[in-house]
Amino acid sequence: MYCLNSAGTDIEHFEPKSRRPLRTFCWHNHLLACSHCNSNYKRTEYPCDDFGQCLLIDPSVDDPFDHLELLPATGKFKAKTRKGDETLRVFGLNDRFDLVSGRVDAYVKCRDVLIAWYRYMVGGDFGEAELRVHALHREPFADVLRAIEDMARLPYASLALGSELATALEAWLATARGTVPEGRLLANVPTARPEASAVLPSPMDG
């Protein structure tokens, strides 16, 4: 629940047992974490501000994107708040090669699969489109897809992402994150923008 690499092996006490022994068996204080985050990074760290409020993102109650901005193409986060800064420091989220490279790889995969999904939707091959929906929803670094979706809502999305990906994302968001329309209808899929139409297959292409 900290690094999102889907290698959870440990039950981690968010607020350390040494700090609050009575929360040792509190269900809401138990989080699934990888052994690296639990044993090598967080350990018993629990930084607090002057009012005793924890300065780590608690993924069970906080939306990490309120405190962190992911730059998908670089695989690195930028802190938006003090809580974001402390979370990056304690868990080494920008310092661990496996995490940074994993996010970069996830960005490449998400980009390519989103474009393929859109092409299959426009071409009417809903079976292949649905396979790509499931692949994206199973992607270990779920924060990457979330960041790409957020970028698609920006007014300069086509410049930041490229027109082909921006067009695919427009359709993806319009169909409830890739849901193949009931009855196999194309009515909910936005038409391609003019600048992207040259690279999208026609339904007649087979």
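Positions are given from 1 along the sequence.
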Q. For V104 and A73, which heavy atoms make the closest approach, and how far apart are they?
A.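 Taking every non-hydrogen atom into account, CG2-O, 3.9 Å.
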
Are the side chain of [X] and the backbone of [Y] linked by a donor-acceptor contact shorter than 3.5 Å?
X	Y	result
T9	S35	yes
R119	I115	no
D10	E12	no
D62	P64	no

(Q) Grouping I, L, V, M, F, W and Y whenever their side-chain heavy atoms are under 4.5 Å apart, do M1 and V90 come out in a common cluster? (A)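 Linked within one cluster.
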
Q) What residues form a side-chain contact (heavy atoms from CB on, under 4.5 Å) with D63, not counting sequence neighbours? A)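 With neighbours one apart ignored, the set is F65, D66, R146.
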
Q. Which side chain to side chain donor-acceptor pair (under 3.5 Å) pairs, counting each pair once, include a residue from residues 88-106, with sequence neighbours left out?
A.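 Sorted result for residues 88-106: E45-R89, E86-R89.
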
Q) What pairs meet the side chain to side chain donor-acceptor pair (under 3.5 Å) rule with one or both residues in residues 18-27, with sequence neighbours excluded? A)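 For residues 18-27, and leaving out neighbouring residues, the side chain to side chain donor-acceptor pair (under 3.5 Å) pairs sorted by first residue read E15-R19, E15-R20, E15-R23.
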
Q) Got a sec: does the NZ of K78 have more than 12 other heavy atoms crowding it under 6.0 Å? A)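 Not more than 12 within 6.0 Å, no.
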
Q: Step through the shown structure and confirm whether more than 12 heavy atoms of other residues, nucleotides or ligands are within 6.0 Å of NE2 on H28.
A: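 Open: at most 12 neighbouring heavy atoms sit under 6.0 Å from NE2 of H28.
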
Q: Give the ring-plane orientation class for H36 versus Y41, where under 30° counts as parallel, over 60° as perpendicular and anything between as tilted.
A: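 Plane angle between 30° and 60°, so tilted.
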
